[in-house]
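A short worksheet on the structure shown next.
In what follows, chains are A, B, ... by sequence order, proteins preceding strands, each numbered from 1. Fair warning: this is a prediction, and the values are worked out from it, not measured in the lab.
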Number of protein chains: 2
Amino acid sequence: MVTIYDVARHAGVSAATVSRVLNGHTQVDPTLAERVTSSVAELGYRRNAVARNLRRSRTTLWAVIISDVENPFFTAMVRGVEDIALTAGYSVVLCNSDENPEKESNYIAAALTEQMAGVIISPSSNRVDDVKLLQDAGCPVVVIDRELQGSPTDTVLVDNEHGAELATTHLVEQGYRRIACIGGPRWLSTATSRYEGYRRALTAAGLPLDPALLRFADFRERGGYEAMASLLDDGAEPDALFAANNLMTVGAMECLVQRDRAVPADIAVVGFDSIPWADLIRPTLTTVAQPAYEVGRQAGQLLTRRLAKPDADVTRIVLPTQLQVRASSLRLS
Amino acid sequence: MVTIYDVARHAGVSAATVSRVLNGHTQVDPTLAERVTSSVAELGYRRNAVARNLRRSRTTLWAVIISDVENPFFTAMVRGVEDIALTAGYSVVLCNSDENPEKESNYIAAALTEQMAGVIISPSSNRVDDVKLLQDAGCPVVVIDRELQGSPTDTVLVDNEHGAELATTHLVEQGYRRIACIGGPRWLSTATSRYEGYRRALTAAGLPLDPALLRFADFRERGGYEAMASLLDDGAEPDALFAANNLMTVGAMECLVQRDRAVPADIAVVGFDSIPWADLIRPTLTTVAQPAYEVGRQAGQLLTRRLAKPDADVTRIVLPTQLQVRASSLRLS
DNA sequence: TTGTATGCGTTATCAT
DNA sequence: ATGATAACGCATACAA
């Protein structure tokens, strides 16, 4: 490996001067600078980031810990984070916790030992301990998508409750009365908020909250499938469905297809969070769209701000959702 | 920050002993070890990976540079890599080059300066320079999905040509005669191989290779859409389509939907690489399935092997593809 | 088995 | 403006 000393020797200057040229903070004689840069090129020198980070006791890496890489919502969000990170001079390390609190803990520990500059996380549990660990260690954290109780933290969310309420009200207005709900894990704020929105809409419409129409699954495709199957098997006879995330909506739809239930003729469907290629699915799906990319961007900006001003006030950003009505929820006349 | 020296003082031993207990390579008196571990717990000590990496002059990070995070093929592949990495004691840093050679170069430079243990890359160009840079620096590289000319490198591919040939032959057997092809960027081996498979199948069937039926796009949804639009607008009158990747297939389908062309009645469709929720799309899509997760696993294993034996022979793995016939390609009687 | 001492490659402090 | 030198936190060669 070619070090800064090799360059210094080759250029006939001291290592300090090489460092100064490379970092460009202080003034250095143009003649020497020229000699240094050409030596760097000639020797093919590349700075050792590990040594640099040790000396400066900080890195230029952000850890982004998401709960499911195969969920398009999170990948879009990551792109948002990435774009901000790059312009701010940071690189993004993507970690997939797979909705597994243990994996999540490992990644958080890694972020700490690797001296990451900051962490953006969509928590897969409501255990505040892990995030607190980061904060106690002085590592800036931004929580996204899911709210965390306990210690106040910079957070970027979407208006889950309102979105779910819009979706459910839409079904009510279409004339549906037995509206089932496939909710998410009870320990996730996204799940409880969306369920709460569903509940509020029913109440506002004067409809009962029938436990036979409720299922709670795991935000995954299979979970949605099984919840739908259970709704059908148990004779709950729903005439509509609100599913609390994109993957569960897909699972539920697959179940309906397999059992020859027509959508929306036999049962109407609205899903929370959009699905790629929604236009190719038949019927086209009514969804509550979330600004995934923008969530990522805002989180990135929050982290940049926090890095610049560690003592700034804690910010909580709530972005709006939007109901996109398509075929799956329309009452056939 | 609490260092190894703080622990040593607290436990009444030397820093070297603490290090030995932490790494567990050498034997150390159980009494002392006990004192050390409890001191570690009591002080909340976490090892500084940056310092450790500098001292050992290696890290436990793999850089996985993929060309599109929003393509389900690559995310599935990443999961395969991840699973191998974790069991081998490495963490994965996911980098999204976005099919942009410049971004790719930056990530490669970063992998080098960050002293990554190894790199797995799906190149977004056929510039062999970047990969050569890594190899010259002694950084183990595994190339995936796309073949690279020039310096021999561990590689994991799928049988693109055969898959494309199967797909096209299937269309021929269904009785289609004017089979269009939307190919990918000419500088990517996946694109040229799949085109070659298409060509071979036509030749074998005694069909002409009509330039009016050929388009080349960028492996993205919009590219597929526009290529399809151009095929329709230019009056090429195809009765079937072979699209060379999943996103372009989606784009082409969207174009057909928008223009009220029935699939497969007006035009049959086969796509290369599968699409999530293919069962919800109407008509269901005939695709050439790739073992994405397995590609990732194999790449991970190749990298592990290379790290253990830097001088081992270069390996090239080609995994099989599989034609999955669904509704979009069937001849209506 | 344990401790002492050194160096990994860089940046920053202090003289000059 | 430039150079000598120390220090970041750790792992290891060597001495005891």
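Checking the phosphate oxygens (OP1, OP2) of dA11(D), a side-chain nitrogen or oxygen of S19(B) falls inside 4.0 Å. Contact check, S14(A) against dG3(D): a side-chain N or O comes under 4.0 Å of OP1 or OP2. Phosphate contact (OP1/OP2 of dG3(D), side-chain N/O of T17(A), threshold under 4.0 Å): present. Contact check, R58(B) against dC8(C): no side-chain N or O comes under 4.0 Å of OP1 or OP2. Look at Y45(A) and you'll find a side-chain N or O under 4.0 angstrom from OP1 or OP2 of dT10(C). Side-chain N/O atoms of N23(A) include one lying less than 4.0 angstrom from OP1 or OP2 on dT11(C). The phosphate of dC8(D) has neither OP1 nor OP2 within less than 4.0 Å of any side-chain N or O from R52(A).
Below the 3.5 angstrom threshold, one finds no donor paired with an acceptor across the side chain of R55(A) and the base of dG9(D). R46(A) contributes no side-chain N or O that forms a donor-acceptor pair with the base of dG9(C) under 3.5 Å.
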Please step through salt bridge (Lys or Arg N to Asp or Glu O under 4.0 Å) for the pair D98(B) and R79(A), ending with a clear verdict. CA-CA 10 Å; D98(B) 222 12; R79(A) 301 241 0 219; 3.4 Å; yes
Walk me through whether E104(A) and R146(A) qualify under salt bridge (Lys or Arg N to Asp or Glu O under 4.0 Å). CA-CA 14 Å; E104(A) 181 178 293; R146(A) 300 159 181 195; over 6 Å; no
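Along DNA chain C, the nucleotide nearest V2(A) and the nucleotide nearest P30(B) are compared for position; the residue whose nucleotide lies closer to the 5' end is P30(B). The residue among A51(B) and H25(B) whose nearest nucleotide of DNA chain D is located toward the 5' end is A51(B).
A straight line from CG of L22(A) to C1' of dT11(C) spans 11 Å, rounded to a whole angstrom. For the pair N48(B) CG and dA7(D) C1', the interatomic distance rounds to 13 Å; values are reported in whole Å. In this structure, L54(B) atom CG and dT10(C) atom C1' are separated by 8 Å, rounded to whole Å. Look at CD on Q115(B): it is 9 Å from P on dG9(C), rounded to the nearest Å. R56(B) has its CZ atom 23 Å from the P atom of dT6(C), to the nearest Å. One atom, CG of D6(B), and another, C1' of dC8(D), lie 14 Å apart when rounded to the nearest Å.
The listed nucleotides are dT2(D), dG9(C), dG9(D); the one nearest the side chain of L32(A) is dT2(D).
Rounding to the nearest 0.5 Å places CD1 of I66(A) at 8.5 Å from CG of N71(A).
The residue V13(B) sits close only to the backbone: its heavy atoms come under 4.0 Å of sugar-phosphate atoms, none of a base. Across all strands shown, T3(A) has heavy atoms under 4.0 Å from sugar-phosphate atoms exclusively, and none from any base. Within the 4.0 angstrom heavy-atom criterion, base atoms lie near R20(A).
In this structure, K103(A) places its NZ atom where more than 12 heavy-atom neighbours from other residues, nucleotides or ligands lie under 6.0 Å away.
Between D6(B) and R9(B) there is a salt bridge, since at least one side-chain N of the basic residue sits less than 4.0 Å from a carboxylate O of the acidic one.
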